[in-house]
There are 2 protein chains.
Amino acid sequence: MTKNTPPPRCTDNHIHREAVEQALAAMVDGWTATRLAQVFGALSDPSRVRLISALLGGELCVHDLAAALGMSHSAVSHQLRLLRSLNLVRYRKEGRVVYYSLDDEHVEHLFRMGLDHIRHPEKIIEEANNHHG
Amino acid sequence: MTKNTPPPRCTDNHIHREAVEQALAAMVDGWTATRLAQVFGALSDPSRVRLISALLGGELCVHDLAAALGMSHSAVSHQLRLLRSLNLVRYRKEGRVVYYSLDDEHVEHLFRMGLDHIRHPEKIIEEANNHHG
DNA sequence: ACTATATATGAACATGTATTCATATATTAT
DNA sequence: ATAATATATGAATACATGTTCATATATAGT
């Protein structure tokens, strides 16, 4: 006997009722999961990440975005279309120039939170708890 | 003579210096963009979104996760491996059972921020700006 | 040792996606 | 009208990705 706390078992016949129900209670529905996946998917490509980050500095036209990223206008336009479709960026047309900008603060928050994650792998808990001011 | 605010032009010869430099200043480097894209990519699949959301309720073993999601153990294990590799989930081994849980609060924040986005498409600006109450 | 259980992993296939190319639309100037 | 500029978009191709199947590893019980 090495342990006195018998680990709950996961036999096929009697799966943890409680555990599974706890999971089901917390789990989002399929449609929400799909929508969420789409939003995160919009940020799941290096080009789009760079597009978003470029727009952190303020609105930019397609041409300048293409220049800054070193990509073709077409490729940038395609990506902007995706970002637009998910309300991550908005556009403003002035003459024949179209200026893109981040749609709302959400996007910036999402982005910065992702940055935090890759920088502070798991330090954030301490920071959040200590800071707390 | 139609407007008195001439829109800045994006001619090939003289791209906006300022605009492009503004973009370049705000833009993350390629490596960071790739890492970020990977993290967001981990949340860009409905199955993984549901996995994460299931774990919001607390740690769960692979078997129960598979049961809750209605997926094969193999599929779940593959996805958990991805999430693990990006430090989005952690695992705890107890006997032959492996319990997974969200790695830190970051993940939960990221997730909830995504949820907020798909629920409040662009209301956040009004809320933040007006804030009259 | 052997058997059963819990999870992990490699290969394969099927689907999704990002870029390029060519072309279309929209706006401005002549 | 035509020409030039700025952006958008459809089709095609090349690459990435998720699931399934079969198999491997790890642990517990006999």
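Chain naming here is simple, since letters A, B, ... match the order of the sequence lines and numbering starts at 1 in each.
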note: B:Y99, atom OH; C:dT5, atom P; distance rounded to Å ~ 17 Å

Measure the shortest side-chain to side-chain distance between B:D45 and B:L82 over non-hydrogen atoms and say whether it is less than 4.5 angstrom.
-> no

Using a cut-off of strictly less than 4.0 Å, decide whether A:Y100 has a side-chain nitrogen or oxygen near OP1 or OP2 of D:dA8.
-> yes

Sorted by chain and residue number, the side-chain hydrogen bond (donor to acceptor under 3.5 Å, both in side chains) partners of B:Q38 (sequence neighbours excluded) come out as none

NE2 of A:H63 versus P of C:dA26: gap in Å, rounded?
-> 21 Å

Would you kindly give the OH-to-C1' distance between B:Y91 and D:dA26, to the nearest whole Å?
-> 12 Å

Quick one: is D:dT19 close enough that its OP1 or OP2 comes under 4.0 Å of any side-chain N or O from B:R81?
-> no

Smallest heavy-atom separation, A:A26 atom then B:A54 atom, equals CB-O, 4.0 Å

Does A:K93 place a side-chain N or O at less than 4.0 Å from the phosphate oxygens OP1/OP2 of C:dT27?
-> yes

Gap between atoms NE2 and P, on B:H73 and D:dT20 respectively (whole Å) = 12 Å

For A:E94 and C:dT28, what is the distance between atoms CD and C1' respectively, to the nearest whole Å?
-> 14 Å

In whole Å, what is the span from the CZ atom of B:F40 to the P atom of D:dA16?
-> 21 Å

Would you mind reporting whether B:L86 and B:R35 have side-chain heavy atoms less than 4.5 Å apart?
-> yes

Whole Å only: how far is the CZ atom of B:R92 from the P atom of D:dA26?
-> 20 Å

Measure up the A:H106 and B:H117 rings against each other and bin them: parallel (under 30°), tilted (30 to 60°), perpendicular (over 60°).
-> perpendicular

To the nearest angstrom, the CG-C1' distance between B:L43 and D:dT17 comes to 15 Å

Pairwise distance CG(A:L43) to CG(B:L36) - rounded to 0.5 angstrom | 8.5 Å

Reading nucleotides 15-22 of chain C 5' to 3', which nucleotides get B (base under 4.0 Å from a protein heavy atom), which S (sugar-phosphate only), which -?
-> ---SBBBB

For B:C61 and B:V97, which heavy atoms make the closest approach, and how far apart are they?
-> CB-CG1, 3.5 Å

Within the pair B:R96 and D:dT25, is there a side-chain N or O less than 4.0 Å away from OP1 or OP2?
-> no

